[in-house]
Undergrad: 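Right, I'll just put the structure down here and ask away after.
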Amino acid sequence: MPGPLVRRSAVLSACVAVAAAFAPLTVPPPPASAAAVGHESPPGHHRADDGAVRVEADAGEAAVLGEEHARAHAQRRNDAKGPQEYPQAKRTKSLTSLESSQQRTNAAFPAAQFGRFTEFFPSPDFGVHTALLPTGKVLLFSFERVEVNPTKETGPTDRIGRTNAGRAFLWDPSRGTGARAFKKVEPPTVLMPDGTYVPRPAPFFCAGHAFLPNGMVGVFGGNTGGKGGSGAKLSFVFDPWTEKWFRNQDMSVGRWYPSVVTGADGRQIIMSGQSERGTGTPTPVVERFPALRHPVPWGPYDIPVDLAAERLRADAPFRNDYPHLFSLRDGMIYGLGRDADQQWLFDPVKETRTDLPRRPADFRGYGSAVPLPAGFRGPDSVLVLGGDPHDPNTYRLSGGRWTTEQPRAFGRTQDDTLILPDGTLLTVNGALDTRNYGHGPFNPQADLSYRQIEMRDAQGRWRLGPAQRLPRGYHSNALVLPDGRMMVTGDELQQIANDPDIGDKMDGSIELYEPAYLHRGARPALDRVPEGELGYGAGFEVHSSTAARVTRAVLLAPTTVTHAVNTSQRHLELPIAGVHGNAVGLRTPPSAADAPPGYYMLFLLDKKGVPSTAKWVKLGVGRR
């Protein structure tokens with residue numbers, strides 16, 4: 001069979017390494033005109049339908065140097081214009097204003113009740129895609145910038161050739177917040193079927209991704225370029241153990257903006273995305289990785305290389321991209337589309353699709369959705385939030401029916417909602433619409449009320465909290481770190497509009513938030529957890545020097561997120577069988593449907609909800 005799983009030693013040598021001041025809280029205003037901000041294209045440029053300026057080669061240079069070389073010269077000239085069109089002084093002034101308004105606003109929010117934002121620091125990547133790895137490091141990947149003027153499209157959406165390229169980095173929180181804490185992990189070099197076949201780092205931005213049981217991240221799709229953005233058939237894994245990318249066989253169809261979820265069997269289900277024919281052609285094809293003829297990559301030495309995906313019999317004719325996908329405790333895959341009438345249930349074993357009830361709310365753009373904690377069992381309901389700036393309500397799907405739940409303070413799109421270790425929810429980021437913060441598309445000025453976070457308690461009540469430094473909308477992301485802090489990043493428009501040094505290579509920024517539970521006293525200790533794999537419904541012991549204080553133990557799945565789509569979140573309470581000295585007896589979830597196999601963060605909590613620093617455990621027993 002082609003493409004078997006290979007052991008690490010066999011592949012390492014064979015694979016190519018590969019402003020304004022913060023306004024008082026108000027409900028955001030109605031949207032400004034949806035008309036694009038007008039910019040005339042400079043000579044030698046062409047404006048694409050999405051507002052991007054596509055750099056074209058000078059005809060004279062092309063005749064002498066060749067098309068690709070001449071285009072590179074044109075790109076360098078274009079890069080030099082960015083700081084002139086949007087000068088550094090403007091960026092510095094904006095960032096200073098945001099910092100001042102954040103400090104003034106957050107003085108009214110006690111940390112023990114609302115948490116606090118702490119460090120804000122540069123990053124070498126925009127963070128369009130983020131994933132927390134079981135090594136504790138964070139994978140960030142996106143694209144090489146083609147503009148540094150935030151009133152223009154930063155990414156190479158409609159480019160073909162060398163400039164349509166991806167990039168990736170690792171951030172190691174244990175190394176702090178400086179440049180030395182980041183490591184470049186270049187994606188594999190590829191030849192894209194765009195007519196140029198020019199080698200470049202794989203343009204895997206706006207792909208879909210999820211975790212495999214061995215802690216690796218499967219990444220599917222990307223942008224072939226042209227046609228307003230077109231789907232790539234690319235299939236990769238990122239190995240956190242070797243910190244390298246590995247390529248698999250191409251998918252059967254191109255996908256740009258697909259969604260991916262890991263099922264109870266550890267295999268990944270891939271749906272939707274714009275096809276290779278370009279924007280406006282979403283594919284209904286559903287694929288599974290790896291194909292059933294290949295074993296599931298289970299151990300850290302099982303690196304998928306040249307494995308195939310396979311097409312499922314069921315289709316998923318989503319009219320819009322990035323649907324929310326969740327594997328709930330019944331083992332089914334719930335596909336919640338952006339259109340109200342496209343809510344579906346998929347059986348990954350029988351390969352069937354059935355209808356779910358129509359969602360009460362109408363079309364929703366990019367907004368978050370969360371599988372709600374359900375105690376000792378896996379989640380059996382989903383809360384849909386955001387995606388409509390005029391609708392603050394939240395909507396719950398449970399038991400095959402929808403209910404309207406308590407609203408947030410106001411509607412927002414591009415938001416990210418996370419489950420925290422104590423089981424509460426927290427929303428960060430948001431905007432009026434794609435590339436629109438309240439004053440028209442591609443305008444960095446923002447309705448700054450979107451900077452306030454919102455928190456949902458165990459009773460489902462929402463309240464506003466402190467403000468983050470930057471407004472972050474489209475392409476913003478957030479995830480929970482093993483020490484219980486939250487990392488916030490993303491939104492290349494706002495990052496380059498507030499870049500402290502647009503001339504360096506640190507394009508992005510990261511901000512850290514400490515939830516309120518980190519300001520309520522000393523943390524419990526989690527000193528030791530079992531090594532190896534833990535079976536389902538099995539008892540095990542952990543050791544804590546503060547065992548007498550422990551009242552709860554929870555598993556929190558790591559996040560991999562993009563475009564407000566986070567299919568990996570999961571929160572489970574573990575039954576405490578007893579405490580004997582420093583030993584705390586626990587029991588794992590009953591089945592893989594409750595918690596798909598893979599790595600989870602284990603937290604111990606005290607009666608105040610203060611969590612320990614997490615340690616990683618792996619659920620599921622692999623091949624022997």
Side-chain angles (χ1 to χ4, degrees), residues 19-24 26-42 45 47-54 78 81-102 126-128 142-143 145-158 365-367 386-390 410-415 429-452 467-476 489-500 502 507-509 563-564:
F22 184 83
T26 57
V27 175
S33 169
V37 178
H39 300 290
E40 293 186 3
S41 299
H45 295 60
R47 182 161 296 283
D49 292 341
D50 65 352
V53 173
R54 183 167 62 236
N78 186 62
K81 290 180 180 179
Q84 299 170 12
E85 296 171 336
Y86 204 91
Q88 181 63 56
K90 191 170 186 177
R91 304 173 206 268
T92 302
K93 182 179 179 180
S94 174
L95 184 58
T96 300
S97 175
L98 290 170
E99 181 179 12
S100 298
S101 63
Q102 182 189 36
F126 294 128
V128 174
S142 61
F143 42 72
R145 69 186 190 192
V146 296
E147 290 285 352
V148 294
N149 182 340
T151 65
K152 299 176 181 178
E153 177 59 57
T154 306
T157 295
D158 208 36
Y366 297 130
D388 184 345
H390 307 294
F410 50 82
R412 61 172 101 189
T413 68
Q414 326 300 326
D415 56 297
N429 302 324
L432 179 69
D433 204 347
T434 305
R435 306 291 196 203
N436 188 336
Y437 308 86
H439 299 279
F442 291 95
N443 184 341
Q445 296 183 39
D447 181 318
L448 299 182
S449 57
Y450 290 118
R451 289 165 62 195
Q452 280 191 272
Q468 59 196 90
R469 180 74 51 88
L470 263 58
R472 297 185 193 261
Y474 190 50
H475 289 166
S476 64
T489 190
D491 190 336
E492 63 277 6
L493 187 156
Q494 290 295 339
Q495 289 176 104
I496 65 172
N498 296 281
D499 194 321
I502 197 63
D507 290 334
S509 62
H563 292 74

Undergrad: To the nearest 0.5 angstrom, please state how far the CG atom of Asp491 sits from the CZ atom of Phe126.
TA: 10.0 Å
Undergrad: Where do Tyr86 and Pro444 come nearest, in terms of heavy atoms and distance?
TA: OH-CG, 3.6 Å
Undergrad: Might you point out which heavy atoms bring Phe442 and Leu493 nearest each other, and give the distance in Å?
TA: CA-CD1, 3.9 Å
Undergrad: Once rounded to the nearest 0.5 Å, what's the spacing between atom CZ of Arg145 and atom NZ of Lys152?
TA: 13.5 Å
Undergrad: What verdict does the side chain to side chain contact (heavy atoms under 4.5 Å, CB included) test give for Asn498 and Arg469, after you've listed the backbone C-alpha separation in whole Å, the side-chain angles of each residue and the deciding distance to 0.1 Å?
TA: CA-CA 10 Å; Asn498 296 281; Arg469 180 74 51 88; over 6 Å; no
Undergrad: Please report the interatomic distance CG(Leu448) to CD(Gln102), rounded to the nearest 0.5 Å.
TA: 11.5 Å
Undergrad: Counting distance only, does the side-chain N/O of Ser100 pair as donor-acceptor with the main-chain N or O of Thr96 below 3.5 Å?
TA: yes
Undergrad: Take Gln495 and Arg472 through the side chain to side chain contact (heavy atoms under 4.5 Å, CB included) test and state the conclusion after the steps.
TA: CA-CA 8 Å; Gln495 289 176 104; Arg472 297 185 193 261; 3.7 Å; yes
Undergrad: Nearest 0.5 Å, what's the CG-CZ distance between Asp507 and Phe143?
TA: 9.5 Å
Undergrad: Measure the shortest side-chain to side-chain distance between Ile496 and Thr154 over non-hydrogen atoms and say whether it is less than 4.5 angstrom.
TA: yes
Undergrad: Looking only at heavy atoms, what is the nearest atom pair of Gln468 and Tyr450, with distance?
TA: OE1-O, 4.4 Å
Undergrad: Gly473 and Ala431: which non-hydrogen atoms are nearest, and at how many Å?
TA: CA-CB, 3.9 Å
Undergrad: Sequence neighbours left out, what passes salt bridge (Lys or Arg N to Asp or Glu O under 4.0 Å) with Asp433? Give chain and number order.
TA: none
Undergrad: Enter the distance from Ser476:OG to Gln494:CD here, rounded to the nearest 0.5 Å.
TA: 10.5 Å
Undergrad: I'd like to check the salt bridge (Lys or Arg N to Asp or Glu O under 4.0 Å) partners of Arg412; sequence neighbours left out, ordered by chain and number.
TA: Glu454
Undergrad: Listed by chain and number, what are the side chain to side chain donor-acceptor pair (under 3.5 Å) partners of Thr489, not counting sequence neighbours?
TA: none
Undergrad: Please report the interatomic distance CG(Asn149) to NZ(Lys90), rounded to the nearest 0.5 Å.
TA: 8.0 Å
Undergrad: Excluding sequence neighbours, so at least two apart, what forms side chain to side chain donor-acceptor pair (under 3.5 Å) with Glu492?
TA: Arg435, His475
Undergrad: State, to 0.1 Å, how close Val128 and His563 come at their nearest heavy-atom pair, and which atoms those are.
TA: CG1-CE1, 4.1 Å
Undergrad: Minimum heavy-atom separation for Asn443 to Tyr437, with atom names?
TA: O-CD1, 3.5 Å
Undergrad: Hey, does Thr413 have a side-chain heavy atom less than 4.5 Å from the side chain of Thr434?
TA: no
Undergrad: Who are the side chain to side chain donor-acceptor pair (under 3.5 Å) partners of Gln88, not counting sequence neighbours?
TA: Thr92
Undergrad: Can you list everything that forms a salt bridge (Lys or Arg N to Asp or Glu O under 4.0 Å) with Asp499? Sequence neighbours excluded, please.
TA: none
